[in-house]
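Residue numbers start from 1 in every chain, and the chains themselves are labelled A, B, ... in the order their sequence lines are given, proteins ahead of strands.
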Amino acid sequence: MDTTPLEVLKESIFHLLRAGHDLPAGDPVPFRIGPSPERKFGHFSTNVAMAYAKVLKTPPRQIALSLVKGLEALPDIESVSIEGAGFINMLLKPSYFQERVLRILQGEYTANFSLFPPDPIQIEFVSANPTGPLTIGHGRQAVLGDVLSSVFQKAGAALTREYYFNDAGKQMKLLSRSLWVRYNRLCGSEYEIPEGGYHGEYLSGIAEGLYREKGDAYRDRWDDSIEALFTERAKNEIFQMIKRTLESIGIRFDVYYTEGSLFRDGTVDEVLRQLRDREALYEKDQALWFKTSDFEEDQDKVLIRSDGMPTYFLTDIAYHYAKYRRGFSKVYDIWGADHHGHIARMNAAMRALGIPEGFFNVILHQMVSLRQNEEIVKMSKRSAHFVSLDELVQKVGKDAVRYFFAMVDKDSQFEFNIDLALSRSMDNPVYYVQYAVARIHSLFENARNKGLLFAEFQNINRLDSEDETFLIRDLLLFPEIIREICATQQIHRLTNYLYGLAYAFHNYYTGHVFVDLKQPELSNARLNLASACQKTIAEGLKLLGVSAPERM
RNA sequence: GUGCCCGUAGCUCAAUUGGAUAGAGUAUUAGACUCCGGAUCUAAAGGUUGUGGGUUCAAAUCCCACCGGGCACGCCA
């Protein structure tokens with residue numbers, strides 16, 4: 001699909017404006033057309049008159065008045081009114097909506113858009129280190145990334161979902177040692193978990209497996225090869241755990257990219273060479289520094305420590321350099337707000353490497369905090385203070401988890417009250433939306449049982465009441481939501497929309513009989529309407545990764 | 001201290017990105033067809049949008065200053 005219903009209307013309005021006024025040169029003033037807030041204001045309304053008041057040096061109401069005649073002459077318009085400061089409200093003819101119901105049934109408005117150029121893009125998200133199970137914090141990001149990816153794809157993006165896997169560096173060393181301490185405890189030797197190490201219970205399970213297999217072969221023994229063995233063991237088992245968790249909420253990545261590969265294939269050296277050639281590096285206190293301050297308002301950063309170990313920042317630069325070399329035209333990193341300080345220096349590095357502006361993009365989201373007994377606690381894997389995503393999925397299920405995380409604006413931090421989330425699982429609005437789909441399915445079952453033969457696309461002209469045109473109006477907003485999400489990355493607009501649509505349907509359902517053998521044509525028309533609702537809601541749920549069950 | 005995000009009904013969150021009388025869910029109260037699924041629907045009540053200024057036809061939204069919360073300011077990731 002290329003043009004949405006609202007864009008068509010907007011275009012007509014702009015034509016009328018241009019025909020009746022001398023528009024000043026330059027960019028057109030942005031204005032809005034959308035569903036009217038109340039029925040008494042018609043189906044759609046626009047603020048075009050207010051938007052242009054300043055440049056035309058004309059009072060808004062006067063501009064609005066100048067457009068009324070032209071609007072009323074349009075074939076789809078029933079009537080036009082001007083309200084308030086200069087809102088133009090439009091009531092459209094039933095024929096307009098009847099024609100569009102057919103398009104919905106044919107799948108036109110739920111088809112893919114072409115908002116994106118055909119060049120490959122990438123979204124990278126979750127990318128949690130394999131040092132422990134995923135938490136509900138990761139759950140939020142996982143859902144945000146996955147739904148955003150689906151929406152981008154719906155909008156025509158050639159998109160790769162990617163998970164960056166930190167399998168090298170200091171954290172792995174700490175993890176390895178933490179596991180070794182657990183293992184030794186089983187053997188009967190007591191050691192301290194290192195400073196900054198991992199205290200979570202999940203390591204005990206891995207240690208037990210190791211102990212069962214190898215006995216006390218590594219008791220009180222610690223060298224490079226044993227460290228490597230413990231690293232491998234911990235990393236692999238935890239990563240499988242993470243994959244299983246993601247799978248349980250329906251998330252699969254196209255690519256898992258490992259940090260280690262950047263060393264093996266020479267990307268890290270290549271990046272250092274390039275930065276050196278561009279004179280963006282210097283040595284100080286036996287460490288190698290990047291001149292971040294040459295490119296951004298930020299302090300210089302260490303790339304290689306005085307002990308020769310590369311920093312996370314260096315490999316991260318190399319990783320993004322590799323993304324560019326792999327041919328993506330644009331990449332999006334989804335980061336929690338705790339990483340926002342990293343943005344400026346990453347931009348600095350991209351610039352230093354000559355990577356074009358706009359290639360590297362960050363989508364930030366706020367944190368999930370945990371409420372326990374009136375106290376907000378920070379989740380941390382290292383301190384083992386967290387609620388695991390697995391626990392939540394097991395208690396409330398995949399659909400509720402996905403909807404739950406998708407419905408909150410990514411820029412709002414939200415307090416997660418675990419007891420509330422678990423005890424009120426049945427109040428999750430996902431069931432409200434799903435119920436609409438199930439209800440429609442049973443309507444068709446009912447029609448069949450009563451012997452009413454459903455004819456798709458037939459009797460649409462019987463959909464002519466206000467209740468019907470307004471319901472169809474809501475259906476037509478679906479493509480607008482896709483556009484808005486692409487522009488704002490706010491996936492909660494989708495849950496808002498679906499909830500509103502489900503509400504509109506439930507409301508209509510209560511006031512109208514769908515299957516009435518005495519009125520077979522009207523019934524058939526309404527079943528077509530129900531089908532259009534089902535199609536639209538199901539498409540939205542699909543983007544959310546939530547099931548649209550026929551029965552609940 | 002500096003930078004970023006946030007502050008909306010008792011609680012959890014919205015508000016078409018500057019628009020019309022700030023809305024839903026939940027909790028409370030009162031109701032709904034002997035009929036297509038009551039996991040639904042209708043209504044009441046609930047607000048000085050943290051505070052004080054400013055910008056304009058119009059501010060929860062933009063600007064400034066305070067207050068409060070979160071996050072970041074490492075040779076951690």
Side-chain angles (χ1 to χ4, degrees), chain A residues 32-38 41 45 47 50-51 53-54 59-61 83-87 89 127-129 131 166 169-171 174 196 284-289 297-299 301-307 309-313 315-316 336-344 364-367 369 376 378 382 407-409 411-417 420-421 424 426-429 431-432 434-436 438-447 449-450 477 480-481 484 487-488 490 492-493 495-497 499-500 502-503 505-516 523 526 530 551-552:
Chain A
R32 195 177 62 71
I33 174 166
S36 306
E38 287 181 63
F41 297 138
S45 54
N47 66 346
M50 283 103 99
K54 192 158 274 170
R61 285 191 72 99
E83 303 281 346
F87 288 100
N89 299 320
S127 296
N129 290 349
T131 54
N166 278 110
K170 202 166 178 172
Q171 292 308 311
L174 285 169
K284 194 180 87 180
D285 306 329
Q286 280 97 52
L288 187 68
W289 295 71
E297 294 276 325
D298 202 359
Q299 292 164 0
K301 294 288 161 192
V302 169
L303 295 185
I304 297 181
R305 301 184 183 90
S306 49
D307 65 3
M309 282 266 284
T311 60
Y312 156 85
F313 184 39
T315 52
D316 214 24
D338 54 343
H339 286 66
H340 95 269
H342 196 54
I343 297 175
L364 274 187
H365 64 88
Q366 291 300 307
M367 312 298 281
S369 56
I376 310 263
K378 181 176 155 56
R382 296 183 205 182
M407 66 187 282
V408 181
D409 187 344
D411 293 323
S412 293
Q413 54 203 43
F414 77 93
E415 283 176 21
F416 188 89
N417 186 325
L420 217 60
R424 294 211 189 138
M426 280 308 280
D427 294 331
N428 191 305
Y431 299 105
Y432 182 87
Q434 288 177 321
Y435 184 53
R439 238 182 179 177
I440 293 167
H441 182 260
S442 86
L443 277 179
F444 279 89
E445 215 164 40
N446 188 262
N449 292 340
K450 287 183 178 168
L477 301 176
E480 305 300 332
I481 302 301
E484 285 171 13
T488 64
Q490 292 172 325
H492 73 284
R493 286 161 181 267
T495 55
N496 277 357
Y497 171 70
Y499 189 87
Y503 170 77
F505 174 77
H506 285 311
N507 214 3
Y508 180 87
Y509 177 96
T510 314
H512 301 79
V513 178
F514 279 84
V515 181
D516 181 0
S523 297
R526 287 180 175 169
R551 271 171 239 285
M552 303 175 62

When the [atom1] atoms of [N] and [M] are considered, how many whole Å apart are they?
{"N": "B:rG47", "M": "B:rA24", "atom1": "C1'", "answer": "15 Å"}
{"N": "B:rG53", "M": "B:rA59", "atom1": "P", "answer": "14 Å"}
{"N": "B:rG68", "M": "B:rU26", "atom1": "C1'", "answer": "26 Å"}
{"N": "B:rG7", "M": "B:rG50", "atom1": "C1'", "answer": "6 Å"}
{"N": "B:rC5", "M": "B:rA9", "atom1": "P", "answer": "22 Å"}
{"N": "B:rG46", "M": "B:rC64", "atom1": "C1'", "answer": "33 Å"}
{"N": "B:rA32", "M": "B:rU16", "atom1": "C1'", "answer": "32 Å"}
{"N": "B:rG25", "M": "B:rC67", "atom1": "C1'", "answer": "30 Å"}

At under 4.0 Å, does any side-chain N or O of [X] touch on OP1 or OP2 of [N]?
{"X": "A:Asn496", "N": "B:rC13", "answer": "no"}
{"X": "A:Arg526", "N": "B:rC36", "answer": "no"}
{"X": "A:Arg439", "N": "B:rG38", "answer": "yes"}

Does any non-hydrogen side-chain atom of [Y] lie less than 4.5 Å from one of [X]?
{"X": "A:Thr495", "Y": "A:Pro429", "result": "no"}
{"X": "A:Asp316", "Y": "A:His342", "result": "yes"}
{"X": "A:Asn446", "Y": "A:Phe514", "result": "no"}
{"X": "A:Tyr435", "Y": "A:His506", "result": "yes"}

Between [options], spot the one nearest the side chain of [X], thanks.
{"X": "A:Arg305", "options": "B:rG70, B:rC75, B:rA14", "value": "B:rC75"}
{"X": "A:Tyr435", "options": "B:rA77, B:rU56, B:rG38", "value": "B:rG38"}
{"X": "A:Met552", "options": "B:rA24, B:rG37, B:rG70", "value": "B:rG37"}
{"X": "A:Arg551", "options": "B:rU21, B:rG37, B:rC71", "value": "B:rG37"}
{"X": "A:His340", "options": "B:rC57, B:rG3, B:rA20", "value": "B:rG3"}
{"X": "A:Asn507", "options": "B:rU42, B:rA39, B:rG25", "value": "B:rU42"}
{"X": "A:Met50", "options": "B:rG19, B:rA24, B:rC36", "value": "B:rG19"}

Hey, does [X] reach any base, or is it just sugar-phosphate, or nothing, if we go heavy atoms under 4.0 Å?
{"X": "A:Ala337", "answer": "sugar-phosphate"}
{"X": "A:Ser36", "answer": "nothing"}
{"X": "A:Pro59", "answer": "nothing"}
{"X": "A:Ala344", "answer": "nothing"}
{"X": "A:His492", "answer": "sugar-phosphate"}
{"X": "A:Pro429", "answer": "nothing"}
{"X": "A:Glu484", "answer": "sugar-phosphate"}
{"X": "A:Tyr509", "answer": "base"}
{"X": "A:Ser412", "answer": "sugar-phosphate"}
{"X": "A:Val515", "answer": "base"}

Worksheet item: Can you give the dot-bracket line for RNA chain B, where a pair is Watson-Crick or G-U wobble with both atom distances under 3.5 Å, crossing pairs use [ ], and | marks a partner on another strand?
Response: (((((((..((((.....[...)))).(((((.......))))).....(((((..]....))))))))))))....
Give a yes or no answer on whether the side chain of [X] reaches the backbone of [Y] with a donor-acceptor pair at less than 3.5 Å.
{"X": "A:Arg305", "Y": "A:Pro310", "result": "yes"}
{"X": "A:Thr311", "Y": "A:Ile304", "result": "no"}
{"X": "A:Arg32", "Y": "A:Ser45", "result": "no"}

Worksheet item: How do A:Asp409 and A:Thr510 order along RNA chain B: which one's closest nucleotide is nearer the 5' end?
Response: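 Result: A:Asp409.
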Item to complete: Using heavy atoms to find the nearest nucleotide of RNA chain B for A:His342 and A:Ala502 separately, return the residue whose nucleotide is more 5′.
Response: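 Closest to the 5' end, via its nearest nucleotide, is A:Ala502.
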Worksheet item: Checking salt bridge (Lys or Arg N to Asp or Glu O under 4.0 Å) against A:Glu445, which of A:Arg551, A:Arg439, A:Lys450 comes through?
Response: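 Running salt bridge (Lys or Arg N to Asp or Glu O under 4.0 Å) over A:Arg551, A:Arg439, A:Lys450 with A:Glu445 returns exactly one hit, A:Arg551.
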Worksheet item: Could one point to a donor on the side chain of A:Ser45 or the base of B:rA20 with an acceptor on the other under 3.5 Å away?
Response: yes
Practice prompt. Answer with yes or no whether A:Thr311 presents, from its side chain, a donor or acceptor under 3.5 Å of a partner atom in the base of B:rC75.
Written response: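 Side chain to base: no pair present.
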Discussion item. For B:rA20, is there a stacking contact with A:Phe87, counting only centres under 5.5 Å and planes under 30°?
Written reply: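 Stacking between A:Phe87 and B:rA20: present.
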Fill in: ring centroid sep under 5.5 Å plus plane angle under 30, A:Phe41 with B:rA20
yes
Worksheet, complete the sentence: For A:Met552 and A:Tyr431, the nearest pair of non-hydrogen atoms, with its separation, is CE-O, 3.7 Å
Measure the distance from [atom1] on [X] to [atom2] on [N] and round it to the nearest whole Å.
{"X": "A:His512", "N": "B:rC36", "atom1": "NE2", "atom2": "P", "result": "17 Å"}
{"X": "A:Ile343", "N": "B:rC71", "atom1": "CD1", "atom2": "C1'", "result": "12 Å"}
{"X": "A:Lys301", "N": "B:rC75", "atom1": "NZ", "atom2": "P", "result": "7 Å"}
{"X": "A:His365", "N": "B:rG70", "atom1": "NE2", "atom2": "P", "result": "19 Å"}
{"X": "A:Asp411", "N": "B:rA15", "atom1": "CG", "atom2": "P", "result": "10 Å"}
{"X": "A:Asn47", "N": "B:rC57", "atom1": "CG", "atom2": "P", "result": "15 Å"}
{"X": "A:Tyr503", "N": "B:rA39", "atom1": "OH", "atom2": "P", "result": "18 Å"}
{"X": "A:Tyr497", "N": "B:rA24", "atom1": "OH", "atom2": "C1'", "result": "17 Å"}

Item to complete: Please test A:Phe505 against A:Ile440 for side-chain contact (heavy atoms from CB on, under 4.5 Å), starting from the C-alpha separation and ending with a verdict.
Response: CA-CA 9 Å; A:Phe505 174 77; A:Ile440 293 167; 3.3 Å; yes
Worksheet item: Should the pair A:His512 and A:Tyr508 be assigned to parallel (<30°), tilted (30 to 60°) or perpendicular (>60°) ring geometry?
Response: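 Parallel.
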